Amino acid sequence: MNNYLNKPIIDRMRELEEINSEDAEFDREYDLRLRQVPAETGEFLALLANVAPEGNFIEVGTSAGYSALWISLACRKKSAKLTTFEILPNKIDLARETIFKTNSGDYIELVSGDARGYLDSFDNISFCFLDATSDVYIGVYEKVVPRLVKGGILVADNAISHRQEIESVIARAEEDPRVDSSIIGVGKGEMVVVKK
């Protein structure tokens with residue numbers, strides 16, 4: 001995957017990592033925090049996306065586009081495109097800047113809006129990364145899992161750091177006969193769900 005980490009992508013990732021590490025200053029300027037995944041989680045996402053079967057790539061919760069860049073590395077290799085959803089205007093502006101600065105428009109499509117209103121139009125989902133507010137997790141899960149192809153992967157962030165807040169979706173995945181699931185101790189904890 002590192003073959004696709006060109007200088008514009010590396011430079012933008014570093015910019016976003018720096019902004020993310022200065023949350024207090026960023027809060028004052030934009031009245032929000034990026035709350036993006038750490039680099040180790042980004043690498044993990046790129047690896048999983050790379051082994052996902054053929055189909056649609058989706059991300060729920062773009063933030064400034066950091067995780068989308070990691071997932072786009074697999075998209076570049078597979079000649080696929082990631083559709084990513086964000087609802088906060090300031091984050092949408094930053095994500096647009098990320099896509100522009102990294103020449104990623106052929107691999108990342110940014111949609112301004114709540115993913116739950118769009119997911120019914122997607123079939124054959126091969127990979128979905130879910131990193132949004134905890135209240136949307138179960139709704140996204142219930143829309144995505146029926147649309148996953150066999151072997152398709154859904155990854156939900158914050159499965160360890162915010163387990164209590166997303167316990168309903170963790171419990172649902174554990175008892176769902178359509179999938180296999182496990183929580184992996186990478187970053188803030190990733191629940192990985194694979195369609196049987």
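Keep in mind that the numbers below use all heavy atoms, side chains included, and drop hydrogens, waters and symmetry copies. None of these values were measured; they are calculated from a predicted model.
Cluster annotation: Phe129 and Val136 are assigned to distinct hydrophobic clusters (Ile/Leu/Val/Met/Phe/Trp/Tyr, side-chain heavy-atom contacts under 4.5 Å, transitive). Hydrophobic clustering of Ile, Leu, Val, Met, Phe, Trp and Tyr side chains at less than 4.5 Å, counting indirect connections, unites Ile10 with Ile99. Note on Phe44 and Val194: same hydrophobic cluster, where clusters join Ile, Leu, Val, Met, Phe, Trp and Tyr whose side-chain heavy atoms are under 4.5 Å apart, directly or indirectly. Note: the hydrophobic cluster containing Ile170 does not contain Ile153 (ILVMFWY, side chain heavy atoms under 4.5 Å, direct or indirect links). Two different hydrophobic clusters hold Val60 and Phe127 under the rule that ILVMFWY side chains link at heavy-atom gaps under 4.5 Å.
The pair Arg163-Glu190 does not meet the salt-bridge criterion, since no charged nitrogen lies less than 4.0 angstrom from a carboxylate oxygen. Ion pairing of Asp106 with Lys81 is absent here, as no side-chain N (NZ or NE/NH1/NH2) approaches a carboxylate O to less than 4.0 Å.
Atoms NZ and OG, on Lys143 and Ser121 in that order, are 9.5 Å from each other to the nearest 0.5 Å. Taking CD of Glu109 as the start and CD1 of Ile58 as the end, the distance is 10.5 Å to the nearest 0.5 Å. Going from atom CG of Asn90 over to atom OG of Ser63 covers 11.0 Å, rounded to the nearest 0.5 Å. One finds the OG1 atom of Thr98 at 10.0 Å from the CE atom of Met13 (value rounded to the nearest 0.5 Å). To the nearest 0.5 angstrom, Ile19 atom CD1 is 8.0 Å from Gln36 atom CD. Between the CG atom of Leu48 and the CD1 atom of Ile71 there is a distance of 9.5 Å, given to the nearest 0.5 Å.
Looking at heavy atoms from C-beta onward, Tyr141 lies out of side-chain contact with Leu130 at the 4.5 angstrom threshold. When side chains are defined from C-beta on, Thr84 does not count as touching Val111, because their heavy atoms never get closer than 4.5 Å. Inter-residue side-chain proximity for Met191 and Val193 is flagged as met; some heavy-atom pair is nearer than 4.5 Å. Residues Tyr107 and Leu82 fail the side-chain proximity criterion, which asks for heavy atoms closer than 4.5 Å. Between Ser168 and Ile138 the shortest side-chain heavy-atom distance falls below 4.5 Å. The shortest distance between side-chain heavy atoms of Val144 and Arg147 does not fall below 4.5 Å. In this structure, the side chains of Ile9 and Tyr4 stay at 4.5 Å or more apart for every pair of heavy atoms. Residues Asp131 and Asn158 have side chains in contact (heavy-atom distance under 4.5 Å, counting atoms from C-beta outward).
The local environment of CD in Glu142 is crowded, with over 12 non-hydrogen atoms from other residues, nucleotides or ligands closer than 6.0 Å. Within 6.0 Å of atom CD in Glu40, more than 12 heavy atoms from other residues, nucleotides or ligands are found, so the atom counts as buried in its surroundings.
Partners of Lys101 by salt bridge (Lys or Arg N to Asp or Glu O under 4.0 Å), not counting sequence neighbours, listed by chain and number: Glu15, Glu97.
The two residues Ala159 and Ile183 come nearest to each other via the heavy atoms CB-CG2, 4.0 Å. The two residues Ile92 and Ser112 have their closest heavy-atom pair at CD1-OG, 3.2 Å. For the pair Lys77 and Asn50, the tightest heavy-atom approach, listed with the atom from each and the gap, is CD-OD1, 3.2 Å. Heavy atoms only, all atoms of each residue included: Ala95 and Thr62 are closest at CB-CG2, 3.7 Å. Taking all atoms of both residues into account, the shortest heavy-atom contact from Ala173 to Val179 is O-CG2, 3.7 Å. Closest heavy-atom contact between Lys195 and Val145: NZ-O, 3.0 Å.
Checked by atom type, the side-chain pair Tyr66/Glu17 shows a donor-acceptor distance below 3.5 Å. Side chains of Arg12 and Ser104: no donor on one and acceptor on the other come within 3.5 Å. Side chain to side chain, Ser67 and Glu59 meet the donor-acceptor criterion of an N or O pair below 3.5 Å.
Ser126 places no side-chain N or O within 3.5 Å of a backbone atom of Gly152 that could act as its donor or acceptor partner. Of the possible donor and acceptor atoms, none in the side chain of Lys91 sits under 3.5 Å from a partner among the backbone N and O of Gly65. Remark: the backbone N or O of Lys196 is not paired with any side-chain donor or acceptor of Arg178 at under 3.5 angstrom. Under the 3.5 Å distance criterion, the side-chain polar atoms of Glu86 are left unmatched by any main-chain donor or acceptor of Gly61. Side chain of Thr41 to backbone of Val37: no donor-acceptor contact under 3.5 angstrom is found. Side-chain N or O atoms of Asn56 include one that pairs as donor or acceptor with a backbone N or O of Asp123 at under 3.5 Å.
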Legend entry - Thr83 vs Phe57, side-chain contact (heavy atoms from CB on, under 4.5 Å): CA-CA, chis, key distance, verdict: CA-CA 6 Å; Thr83 303; Phe57 287 68; over 6 Å; no

Legend entry - Residue pair Arg96, Leu110: steps toward the side-chain contact (heavy atoms from CB on, under 4.5 Å) verdict: CA-CA 7 Å; Arg96 282 192 183 117; Leu110 175 63; 3.6 Å; yes

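Taking the six-membered ring where the residue is Trp, Phe122 and Phe85 present perpendicular rings, their angle passing 60° and hence far from 30°.
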